[in-house]
Amino acid sequence: MKAMRQNDRWRWLTAGAVAVCLLAFTLLIGLLAWQGVRAFWPQRVDLYTFSQPEGGETRLLGETLEHQRRFPAPADEQGNSDGQVHRYLIKTGNRDWDAPDFRVVYSRAAAKISQPPDVMVLQRRSHGQAYGWFVGLREDNEELTAQDPDALLHQRLGQVQMLVRQANAIRRVDMARLNSQREELDEQAATNRAAGRFDLQAESEYQANQAALQRRFNQLSETLASLQQQSQRDLLILRDVQGNEHAIPLTEIVDSWKPNAMTLTGKTRHFLHQLWRFVSDSPAGGESESGAFPAIFGTVLMVLLMSVVVMPLGVIAAIWLHEYAGRNALTRLVRIAVVNLAGVPSIVYGVFGLGFFVWLAGGTIDQLFFASALPNPTFGTPGLLWASLTLALLTLPVVIVATEEGLSRIPNSLRQGSLALGATQAETLWNVVLPMAVPAMLTGLILAVARAAGETAPLMLVGAVKMVPELPVDAVFPYLHLDRKFMHLGFQIYDLAFQSPNIEADRPLVFATALLLVLIILSLNLLAMGLRHRLRERYRLMTQ
């Protein structure tokens, strides 16, 4: 009875610990979702009218972020504070012509607040949001009229965005492919010159091919210039709260809406559209200054490359330690080294990756295979390949320990039975031991992915940057460019939280990006856990 009571205590203690962990995780997801996702919901826009003590009024237009009714009055020049005031934190936008775009206002009397239904919010590619009243559209300085100005605006905005996408496709795909072909042609000519095979016929072919590529490039340049000229013809006229009119090119506008006149269905549709734009757009492509797609793509691609590298190395090391290495001083020393490597700070791995992978290995590769491009480095600079190798080295101890633990749980009777039936040790390992150890390998992969996807410090040294002009994958051979730098969600969180010049505007994006990173790690782990469960059920009967 005493043992049963003790077991009950441990059982309740374990259940309580699990409940606390689940509650903490749920609260974390809830906090990130509330602080981040609500930024995509269309907030009402208030028109403030403040009465001045000396007479007159001051008007402000924006979103109300905070209102404190009994706030201690700010101290005057002599340091005296008298009474309490109303404190308003208002997002006024219009950063480029009426900075700052977040204002704190103190008022003895409560402000008069109204919500004009015709107030328009513009989401722009830069300078944040703009608030005001829609006056009209101009095309080449000529006024455009229509029975439904809002419908005309969205129609023209869709046309301009289509022209911008066409221009980006020409610049990123067609021109990039032509530049690659020109570089290959120049490299081939340089090789023929060095080998003494660049005769008159080869020179004539080279010049003809170069001229053809140049003609095609000129045609694309003319098409690109025409598209850019067409996209810049339309202007939107917005009147601010002071009555001043501002001409904003439609190429600078991502979306427009009137939140005070929107229904619940319209707000929900707008929320989903904004959420999808945040996940799918790219700041480098000019779609939105807050798009997270390059960071998502870079994070997932880096984790996949890291997994491809770390799993074979970790599994082979664990097999050698458990199946082939004897119980001697060398084996104990290797195990101690593996355990100690798991406790090394991640920034140390970043320094090692910068010195060994980037400078030594990358510099050697450049001298051997890309000497013609020097002094501009190709692989001798931080990039996706070196970041993946650095994180593979960082997570290698986790995979080794998890795989070796799985190998130790396989009964020796299965090995002995296989050997007794005539199989060699290698055949026993491949056909009996490794299939049963796959769940443990996937456990190591889950732990490795969870740690690697959230690392930021080493990536700052070996490849992650704030902004990249191109993704590591494109339509130009060899399609996957391991030498390119990449964006990472963890680094983007750091940059938005600590390096942003406008932290108030980027604070919701910090929470939204953090939520996105957690969900990506959770999705990858759930995928691996599902596969592990299936394999564990398949080989469960063999261990009974």
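Sequence positions, counted from 1, serve as the residue numbers for this chain.
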Item to check | F297 side chain reached by P472 side chain, heavy atoms, under 4.5 Å | outcome: yes

Checklist entry - In terms of heavy-atom contacts, does CZ of F498 have more than 12 from other residues, nucleotides or ligands at under 6.0 Å? => result no

Checklist entry - Does the side chain of T251 come under 3.5 Å of the side chain of Q232 through a donor N or O and an acceptor N or O? => result no

Checklist entry - Looking at I446, L394, L391, which hits side-chain contact (heavy atoms from CB on, under 4.5 Å) with R451? => result L394

Checklist entry - Do L341 and L396 touch side chain to side chain, with heavy atoms closer than 4.5 Å? => result no

Checklist entry - Using a distance-only test with no angle check, is there a side-chain donor-acceptor pair under 3.5 angstrom linking Q425 and E323? => result no

Checklist entry - Parallel under 30°, tilted from 30 to 60°, perpendicular over 60°: which one fits the rings of F357 and F352? => result perpendicular

Checklist outcome for this item: For Q35 and R38 the tightest heavy-atom approach is OE1-NH2, 3.3 Å

Item to check | Shortest non-hydrogen contact between M306 and A448, atoms and distance | outcome: CE-O, 4.0 Å

Checklist entry - Can you name the closest pair of heavy atoms from D366 and G380 and give their distance? => result OD2-N, 2.8 Å

Checklist entry - Atom CZ in R95, atom CZ in R124: separation rounded to 0.5 Å? => result 8.0 Å

Next on the checklist: Can a side-chain donor-acceptor contact be found between N168 and R171 if the only test is distance below 3.5 angstrom?
Outcome noted: yes

Checklist entry - Which heavy atom in M487 sits nearest to a heavy atom in P294, and how many Å separate them? => result SD-CB, 3.6 Å

Next on the checklist: Once rounded to the nearest 0.5 Å, what's the spacing between atom CD of Q123 and atom CZ of F40?
Outcome noted: 9.0 Å

Checklist entry - To the nearest 0.5 Å, how far apart are CH2 in W386 and CG in L459? => result 15.5 Å

Item to check | Candidate pair R277 and H273, rule side-chain hydrogen bond (donor to acceptor under 3.5 Å, both in side chains), full reasoning | outcome: CA-CA 6 Å; R277 177 178 283 120; H273 184 65; 2.9 Å; yes

Item to check | Inter-residue atom distance S388.OG - F486.CZ, 0.5 Å rounding | outcome: 6.5 Å

Next on the checklist: Looking at every non-hydrogen atom in both residues, tell me the closest pair between T395 and A452 and how far apart they are.
Outcome noted: CG2-CB, 4.1 Å

Item to check | Separation of I520 CD1 from L489 CG (nearest 0.5 Å) | outcome: 5.0 Å

Checklist entry - Where is the tightest heavy-atom contact between D186 and Y206, given as atom of each residue plus distance? => result OD1-OH, 2.8 Å

Checklist entry - Between L122 and D255, is any pair of side-chain heavy atoms under 4.5 Å apart? => result no

Checklist entry - Between W41 and F271, how do the two ring planes meet: parallel, tilted or perpendicular, split at 30° and 60°? => result tilted

Next on the checklist: Using the rule given for side-chain hydrogen bond (donor to acceptor under 3.5 Å, both in side chains), can you reason through E222 versus N218, listing the C-alpha separation, both sets of side-chain angles and the distance that settles it, and then say yes or no?
Outcome noted: CA-CA 6 Å; E222 293 177 359; N218 293 336; over 6 Å; no

Item to check | Flag, side chain of T381 to backbone of P377, donor-acceptor distance under 3.5 Å | outcome: no

Item to check | Within 6.0 angstrom of W320 CH2, more than 12 heavy atoms from elsewhere | outcome: yes

Checklist entry - Do F356 and L389 have side-chain heavy atoms sitting under 4.5 Å apart? => result no

